[in-house]
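As structure tokens, the structure follows; a few thoughts come after it.
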Amino acid sequence: CEDCYVQDWTTAGDKMAERLADLGVESAIAQKWSSSREQGDIVLPKFKSLRQGLHLRAGVLFLPCPGGMDTAYLYLLVADKLAWKVTDHLELDCHYDDKVSFEIASIHDPQMDEIQIHHACVGHGTGYWEQEFSIYSANGRKFKLEMSTDDLLQSFPAGGNPLELERNSIFTVIPVAGSRSRAIEETRSQIRNGKFTVQRRTFRWNSAHAHYEPSPFTHVEAAAQ
């Protein structure tokens, strides 16, 4: 289990800051993580390998938000002369909660992996809070954004303004009939001015534009008795 080996090597003993820096993580971030662990924080880096064809070995290193930090980090690593090295990174805002997470899945191409990122904050303020769901691939040594849409949105203006909105989405990778590729289904529940609705749409890969495109929303409701 190479993923287990890299993760164990990164977090073993009291050399985590040094080993993160060896991979290419910025020294300030590596030191912050080391300090967080010494203070008893149980949040640890996570490493996952990434399939990117026959000739490129890639992986991602995820640093969730430990105590005292408002940013999570996702690093792209490429194997260079048998050693993993950081080649790109994303900064993911953790305001209001620490739910930023990622997962690896093959979606439009069964031979390639993509990175799904959940609950990254992209906007916040008084009575307003928005988190985003996005999908990235590794394009050589760089992350490439393939889609993004809101994951959670809450808007409750001060002063009794009636335009109140709260919505949440669940994203699921689903099979495509007659194909080895898959699609992304979004189920969105929403309360707007006291009215509750559920909608669903599907994101499919557009090879000509190299990104995912959504279908129109359709309403989901139980049949009348």
Side-chain angles (χ1 to χ4, degrees), residues 3-4 6-50 58-77 84-105 113-138 142-156 166-173 184 186:
D3 290 11
C4 303
V6 175
Q7 181 153 338
D8 290 346
W9 175 84
T10 303
T11 59
D14 58 356
K15 296 183 178 181
M16 185 162 63
E18 177 184 335
R19 289 176 175 176
L20 288 173
D22 286 344
L23 292 173
V25 175
E26 301 90 327
S27 295
I29 300 300
Q31 289 295 334
K32 182 71 173 179
W33 267 84
S34 178
S35 299
S36 174
R37 191 181 190 199
E38 290 170 1
Q39 294 168 10
D41 198 318
I42 62 173
V43 177
L44 295 173
K46 299 176 183 178
F47 177 87
K48 293 288 185 182
S49 57
L50 195 67
V60 290
L61 178 71
F62 181 58
L63 307 184
C65 289
M69 294 180 68
D70 290 328
T71 306
Y73 297 86
L74 187 72
Y75 292 91
L76 176 64
L77 294 89
W84 290 104
K85 290 296 180 182
V86 169
T87 59
D88 198 8
H89 79 280
L90 303 172
E91 298 184 7
L92 307 169
D93 195 329
C94 300
H95 272 88
Y96 292 108
D97 63 31
D98 58 356
K99 293 182 179 179
V100 177
S101 64
F102 84 104
E103 56 186 324
I104 304 295
D113 287 330
E114 292 158 281
I115 307 117
Q116 302 173 65
I117 298 175
H118 301 267
H119 296 291
C121 184
V122 292
H124 58 88
T126 302
Y128 173 74
W129 177 22
E130 182 178 359
Q131 293 179 339
E132 185 176 72
F133 170 79
S134 56
I135 294 180
Y136 285 83
S137 64
K142 295 290 185 180
F143 284 118
K144 179 182 181 295
L145 179 64
E146 295 181 336
M147 69 159 283
S148 63
T149 188
D150 62 89
D151 201 343
L152 177 150
L153 178 62
Q154 295 182 350
S155 180
F156 300 101
E166 180 174 1
R167 68 185 183 215
N168 294 272
S169 289
I170 296 173
F171 297 89
T172 307
V173 176
I184 304 149
E186 177 186 4

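This one's a predicted model, so the numbers in the text were calculated from it and none came from an experiment.
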- Applying the side chain to side chain contact (heavy atoms under 4.5 Å, CB included) test to Leu77, which of Val60, Val25, Thr87, Val86 qualifies? Val86
If I take atom [atom1] from residue [X] and atom [atom2] from residue [Y], how far apart are they, to the nearest 0.5 angstrom?
X: Ser134; Y: His119; atom1: OG; atom2: NE2; answer: 11.5 Å
X: Ile170; Y: His118; atom1: CD1; atom2: NE2; answer: 11.0 Å
X: Ile115; Y: Ser137; atom1: CD1; atom2: OG; answer: 7.0 Å
X: Leu20; Y: Lys15; atom1: CG; atom2: NZ; answer: 14.0 Å
X: Leu153; Y: Gln131; atom1: CG; atom2: CD; answer: 10.0 Å
X: Leu152; Y: Glu166; atom1: CG; atom2: CD; answer: 7.0 Å

Are [X] and [Y] close enough that some pair of their side-chain heavy atoms sits under 4.5 Å apart?
X: Ile117; Y: Leu90; value: yes
X: Leu63; Y: Leu61; value: yes
X: Ile184; Y: Gln116; value: no

- Query: If you draw a 6.0 Å radius around CG in Leu145, do more than 12 non-hydrogen atoms from other residues or ligands fall strictly inside?
  - Reply: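 Yes - once you tally the heavy atoms of other residues, nucleotides and ligands closer than 6.0 Å, there are more than 12.
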- Message: Test of understanding: with side-chain contact (heavy atoms from CB on, under 4.5 Å), list the residues that count as partners of Ala72, not counting sequence neighbours.
- Response: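 Per chain and number, Ala72 pairs via side-chain contact (heavy atoms from CB on, under 4.5 Å) with Phe62, Cys65, Leu92, Cys94, Val100.
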- Mind checking whether Phe171 and Phe133 have parallel, tilted or perpendicular rings, split at 30° and 60°? parallel
Where do [X] and [Y] come nearest, in terms of heavy atoms and distance?
X: His89; Y: Tyr75; value: CB-CD2, 3.4 Å
X: Leu50; Y: Glu114; value: CD1-N, 4.5 Å
X: Trp129; Y: Cys121; value: CD1-SG, 4.2 Å
X: Phe143; Y: Asp88; value: N-OD2, 2.8 Å
X: Glu132; Y: Asp151; value: C-CB, 3.7 Å
X: Asp70; Y: Asp93; value: O-OD1, 3.5 Å

- Evaluate the side-chain hydrogen bond (donor to acceptor under 3.5 Å, both in side chains) criterion for residues Thr71 and Glu91: first the C-alpha distance (whole Å), next the side-chain angles of each, then the deciding distance (0.1 Å), finally the verdict. CA-CA 6 Å; Thr71 306; Glu91 298 184 7; 5.4 Å; no
- Residues Arg167 and Asp150 bridged, charged N to O under 4.0 Å: yes
- Query: Is a donor on one side and an acceptor on the other found under 3.5 Å between the side chain of Lys85 and the backbone of Asp22?
  - Reply: yes
